[in-house]
> 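If you scroll down you'll find the structure; I have some questions about it.
As the structure is a computational prediction, the values presented were derived from the model and not from experiment. Below, read A as the first sequence line, B as the second, and so on, with proteins coming before strands; counting in each chain starts at 1.
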Amino acid sequence: MAGTADLLTARLQAAFDAMEPGADPVVRPSSRPGVDFQANGAMALAKRLGRPPAEIAAQVLASADLEGLCRQAEIAPQGFINFTVDETFLVARIQAQGADPRLGVRPAETALEVVVDYSHPNVAKEMHVGHLRTTVIGDAVCRLLGLVGHRVIRENHIGDWGTPFGMLIEHLVDLGEEEAAHELSVGDLDTFYRQARAQFDASAEFRERSRLRVVLLQSEDPETTRLWRILVDQSVAYFQEVYDKLGVLLTPDDIVGESFYNALLPVVVEELAGKGLLVDSDGARCVFPPGWANRDGTPLPLIVQKSDSGFGYAATDLAALRDRFGRLGADLVLYVVGAPQAQHLAMCFEVAHMAGWLPNRDQAVHVPFGNMLGADRKMFKTRSGASIKLVDLIDEAVSRATAAVSEKNPDLPAGERDEVARMVGVGALKYADLSTDRVRDYVFDWDRMLSFDGNTAPYLQYARVRCLSIFRRGEIDPEPYLKGTIPVGLDHPAERALALGLLEFPAAVEATLETWSPHKLCAYLFEVAGLFTTFFENCPVLKAPGPDARDSRLVLCALSAAVLGAGLQALGIETPERM
RNA sequence: GCCCCUGUAGCUCAGCUGGACAGAGCGGCUGCCUUCUAAGCAGCGGGUCGCAGGUUCGAGUCCUGCCGGGGGCGCCA
């Protein structure tokens with residue numbers, strides 16, 4: 001089911017083609033009173049054809065078939081064509097949307113195999129605020145991809161390898177396995193890591209042990225591997241606790257850590273060398289993709305193998321690309337990774353393309369995001385300057401929401417109150433992250449994200465609850481109202497505006513996926529919530545003028561709840577039935 | 001020095017890939033609860049869209065150059 005604007009475009013296309021093949025009608029929603037959409041394409045044509053815009057517009061209108069779609073079409077002197085959509089058309093669309101379990105969202109023409117690389121915490125290191133955005137945005141992207149029928153392969157590329165593991169394993173040995181496992185299982189990863197670091201800095205003997213341990217790890221010494229496995233397993237269990245709290249799709253099965261690619265690294269080097277891409281530079285084996293320059297203007301290398309023969313992270317990233325397009329048969333790989341990695345990823349993509357692993361450059365996409373900032377517009381940190389644990393952030397969101405829910409609705413039973421508070425608190429945290437353009441830094445503000453006013457999760461959740469409460473109050477089952485069999489009238493402007501808004505849901509989903517920008521869906525849902533509350537204020541439902549008006553309005557309520565619910569779910573935000 | 005991102009109301013953010021007078025929330029001011037949840041709604045006030053040029057019938061949106069903020073630029077990941 002296409003958006004109304006798309007349908008109008010399709011109707012106008014032939015008329016525009018007749019003027020100039022391929023001419024774009026440029027249909028946009030209109031903000032003018034009484035006008036639903038406008039077509040701006042006549043002006044551009046007028047210039048090219050050397051004729052007055054209004055004349056072009058008139059000719060377009062004369063030949064376009066708008067039967068059953070538009071009640072009215074008017075030409076403004078500048079050449080805008082203003083359309084008012086036919087009410088019976090709107091009603092039919094509303095009924096069709098309600099009857100469609102997908103609410104009009106069209107499956108993608110071709111279902112793709114999409115790998116989404118996101119979250120990627122580090123073993124034996126605390127998950128902190130820096131992991132929130134990648135995890136939350138990645139989760140929303142996965143859900144949206146699934147919504148339109150793509151096959152999604154989540155890959156959590158955790159940091160489970162590298163020289164720090166010598167130090168971490170030695171610290172584990174010093175602590176004793178049981179004590180270490182205990183410490184890690186309570187989630188005190190920061191302390192564990194800091195202690196290891198402190199030992200490393202303080203003791204030459206420890207440094208030497210750590211160095212030797214790295215060698216043992218790399219040579220797959222069984223005992224060392226066993227100790228390493230303890231660190232990984234404990235950390236993965238801890239990550240899962242955080243993911244469960246956050247309500248994201250990730251599971252331990254999605255983990256494909258850096259170590260997974262170890263065996264492939266020599267293959268990567270071999271194949272690059274075989275294609276003549278590898279250049280020895282100061283002892284390191286590098287690829288120099290064209291177009292990147294160094295500080296001094298010399299070509300910038302992607303270092304695949306360091307001069308000490310160790311592999312850099314570029315090698316791992318290349319191996320992952322090779323694996324994803326080769327073994328996994330991916331059509332598309334998305335990297336939900338912070339903006340600072342842009343150059344690194346672009347170089348990896350370029351090299352993978354040169355090596356023939358990445359068929360087309362546009363099949364690997366960096367989905368970058370900016371930082372979370374504190375009120376002082378600096379990196380979000382605690383007063384003491386430490387990074388904030390993600391669990392603490394989640395817990396505080398829930399506790400703040402608990403306070404708010406208790407205050408606003410003291411009648412909720414304690415059990416339900418806690419559940420609602422969890423949905424509201426976590427939802428608010430996630431929505432704050434999703435609702436602004438991801439490439440920009442955003443300012444973290446508890447009060448704003450938990451506010452019930454404005455573009456927030458609680459406001460949207462509440463708008464949906466208001467829809468549902470009408471059914472509860474009237475002891476009405478909403479289900480029959482989504483069958484598309486109940487007559488709908490759109491006499492009141494608020495009803496009409498709401499209907500037009502609800503019909504844009506599929507278009508909003510598509511626009512969101514086009515640029516991997518969850519904030520577009522957020523903005524749409526906020527708009528729908530606003531349209532609904534206006535309708536709610538102006539159009540009594542249970543006390544409607546008559547049974548027909550009541551049923552008609554119940555259809556709008558049911559569909560509003562469905563669209564808000566589906567939209568929030570697609571963003572990974574839970575939807576309470578009461579608040 | 002080169003490259004990437006960014007600059008819109010006092011604050012936080014939208015602005016649908018160039019369309020009609022730039023929108024929303026918060027904060028400020030004013031109204032609205034015996035009526036489906038006031039966790040809400042309606043209204044008022046508030047912007048030379050960083051600056052200067054350019055392209056265009058039309059620019060917050062595209063191009064160039066400055067200014068301010070953030071980030072990246074060879075063996076950490």
> Between A/Thr533 and B/G40, does any side-chain N or O lie under 4.0 Å from OP1 or OP2?
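For A/Thr533, the contact criterion (side-chain N or O under 4.0 Å from OP1 or OP2 of B/G40) is not met.
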> Report yes if a side-chain nitrogen or oxygen of A/Ser469 is closer than 4.0 Å to either non-bridging phosphate oxygen (OP1 or OP2) of B/C36; otherwise report no.
no
> What is the nucleic acid contact for A/Ala46, judged by heavy atoms within less than 4.0 Å: base, sugar-phosphate only, or nothing?
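Nothing, no heavy atom under 4.0 Å.
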> Please evaluate the base of B/A77 for a donor-acceptor partner in the side chain of A/Tyr313 within a cut-off of under 3.5 Å?
yes
> Mark yes or no for a side-chain to base donor-acceptor pair under 3.5 Å between A/Ser281 and B/G74, with no hydrogen or angle criteria applied.
yes
> Do the side chains of A/Lys430 and A/Glu574 get close enough for a salt bridge, i.e. N-O under 4.0 angstrom?
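No, A/Lys430 and A/Glu574 are not salt-bridged.
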> When you compare B/G23 with B/G47, how far apart are their P atoms, in angstrom units rounded to a whole number?
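It comes out at 14 Å once rounded to the nearest Å.
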> Counting only side-chain N and O atoms of A/His519, is one of them less than 4.0 Å from OP1 or OP2 of B/G15?
yes
> Using Watson-Crick or G-U wobble geometry with both distances under 3.5 Å, which nucleotide pairs with B/C26?
B/G10
> I'd like to know if A/Glu407 reaches the base of B/A39 with its side chain such that a donor and an acceptor end up less than 3.5 angstrom apart.
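Under the 3.5 Å cut-off, the side chain and the base do not form any donor-acceptor pair.
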> If we take the C1' atom in both B/C21 and B/C67, what is their distance in whole Å?
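Those two atoms are separated by 30 Å.
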> Taking atom types as modelled, is there a side-chain donor on A/Asn455 or A/Tyr431 under 3.5 Å from an acceptor on the other?
yes
> Measure the distance from CG on A/Asn262 to P on B/A77 and round it to the nearest whole Å.
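Distance, rounded to whole Å: 12 Å.
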> Under 4.0 angstrom, heavy atoms only, what part of the nucleic acid is A/Pro29 near: base, sugar-phosphate, or nothing?
base
> Starting from P on B/A59, measure out to CE on A/Met43 and report it in whole angstrom.
12 Å
> Nearest to the A/Gln343 side chain among B/C73, B/A39, B/A24, which nucleotide is it?
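Of the options given, the side chain of A/Gln343 lies nearest B/C73.
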> Looking at B/A14, B/C36, B/G19, which one has an atom nearest to any side-chain atom of A/Asn40?
B/G19
> Roughly, in whole Å, what's the span from CZ in A/Arg32 to P in B/C21?
8 Å
> For A/Arg472 and for A/Pro340, find the nucleotide of RNA chain B with the closest heavy atom, then tell me which residue's nucleotide is more 5'.
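Nearest nucleotide further toward 5': that of A/Arg472.
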> So, does A/Ser435 get its side chain near the phosphate of B/C13, meaning an N or O under 4.0 Å from OP1 or OP2?
no
> Strictly below 4.0 Å: does A/Lys306 bring a side-chain N or O up to OP1 or OP2 of B/A77?
yes
> Considering only B/A20, B/U35, B/U12, which nucleotide approaches the side chain of A/Ala76 most closely?
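The answer is B/A20.
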> A/Asn455 side chain N/O closer than 4.0 Å to the phosphate oxygens (OP1, OP2) of B/C13?
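Negative; the distance criterion is not met.
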> Given B/G74, B/U37, B/A39, which nucleotide is nearest the side-chain atoms of A/Val465?
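My answer, after comparing the listed nucleotides, is B/U37.
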> Which pair of non-hydrogen atoms, one from A/Ala544 and one from A/Arg553, has the smallest distance, and what is that distance?
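A/Ala544 and A/Arg553 have their closest heavy atoms at CB-NH1, 4.1 Å.
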> Does B/C41 pair with anything, Watson-Crick or G-U wobble, both distances under 3.5 Å, and if so, with which nucleotide?
B/G31
> How many whole angstroms separate atom CG of A/Leu531 from atom P of B/G40?
17 Å
> Which part of the nucleic acid, if any, lies within contact of A/Gln38, taking any heavy atom under 4.0 Å across all strands shown: a base, the sugar-phosphate backbone alone, or nothing?
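Base, at least one base atom sits under 4.0 Å.
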> Any ion pair linking A/Arg377 and A/Asp441 (charged N to carboxylate O, less than 4.0 Å)?
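Looking at A/Asp441 and A/Arg377, the cut-off is not met.
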> Contact class for A/Cys286 (heavy atom, under 4.0 Å): base, sugar-phosphate, or nothing?
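Base contact - A/Cys286 has a heavy atom under 4.0 Å of at least one base atom.
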> If you take all heavy atoms of A/Pro478 and A/Ala558, which pair is closest and at what distance?
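Result for this residue pair: O-CB, 4.2 Å.
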> Among B/A39, B/A20, B/U37, which is the nearest nucleotide to the side chain of A/Asp453?
B/A39
> For the pair A/Glu495 (side chain) and A/His492 (backbone), establish whether a donor and an acceptor sit closer than 3.5 Å, ignoring hydrogens and angles.
yes
> Rounded to whole angstrom units, what separation is found between the CZ atom of A/Arg466 and the C1' atom of B/A38?
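Those two atoms, CZ and C1', are 8 Å apart.
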> In whole Å, I'd like the distance from the NZ atom of A/Lys543 to the C1' atom of B/U34.
10 Å
> Return no unless some side-chain N or O of A/Tyr459 is found under 4.0 Å from OP1 or OP2 of B/C41.
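For B/C41, OP1/OP2 do have a side-chain N/O of A/Tyr459 under 4.0 Å.
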> Taking atom P of B/C26 as reference, at what distance in whole Å does atom CZ of A/Phe452 sit?
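Roughly 14 Å, once rounded to whole Å.
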> To the nearest Å, give me how far apart CZ (A/Phe37) and C1' (B/C16) are.
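After rounding, the reported distance stands at 12 Å.
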> With rounding to the closest Å, how many angstrom separate the C1' atoms on B/A9 and B/G54?
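Nearest-Å result for B/A9 against B/G54 at atom C1': 28 Å.
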> For B/A20, which nucleotide in any strand shown is its Watson-Crick or wobble partner with both distances under 3.5 Å?
none
> Is the ring of A/Phe80 stacked on the base of B/A20, with centres less than 5.5 Å apart and planes under 30° off?
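So yes, this residue stacks on that base, both cut-offs being met.
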> Counting N and O atoms only, with roles assigned by atom type, does the side chain of A/Asp445 sit under 3.5 Å from a partner on the main chain of A/Arg448, one being a donor and the other an acceptor?
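Yes, because the side chain of A/Asp445 sits within donor-acceptor range (under 3.5 Å) of the backbone of A/Arg448.
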> Tell me the partner of B/A52, counting only Watson-Crick (N1-N3 plus N6-O4 or O6-N4) or G-U wobble (N1-O2 and O6-N3) with both under 3.5 Å; none if nothing fits.
B/U64
> Does OP1 or OP2 of B/A14 have a side-chain N or O of A/Arg440 closer than 4.0 Å?
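Yes, such a contact exists.
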> Testing A/Thr436, A/Asp433, A/Asn371 one by one against A/Tyr442 for a side chain to side chain donor-acceptor pair (under 3.5 Å), which residue passes?
A/Asp433
> Measuring to OP1 and OP2 of B/U17, would you say a side-chain N or O of A/Arg28 lies under 4.0 angstrom away?
yes
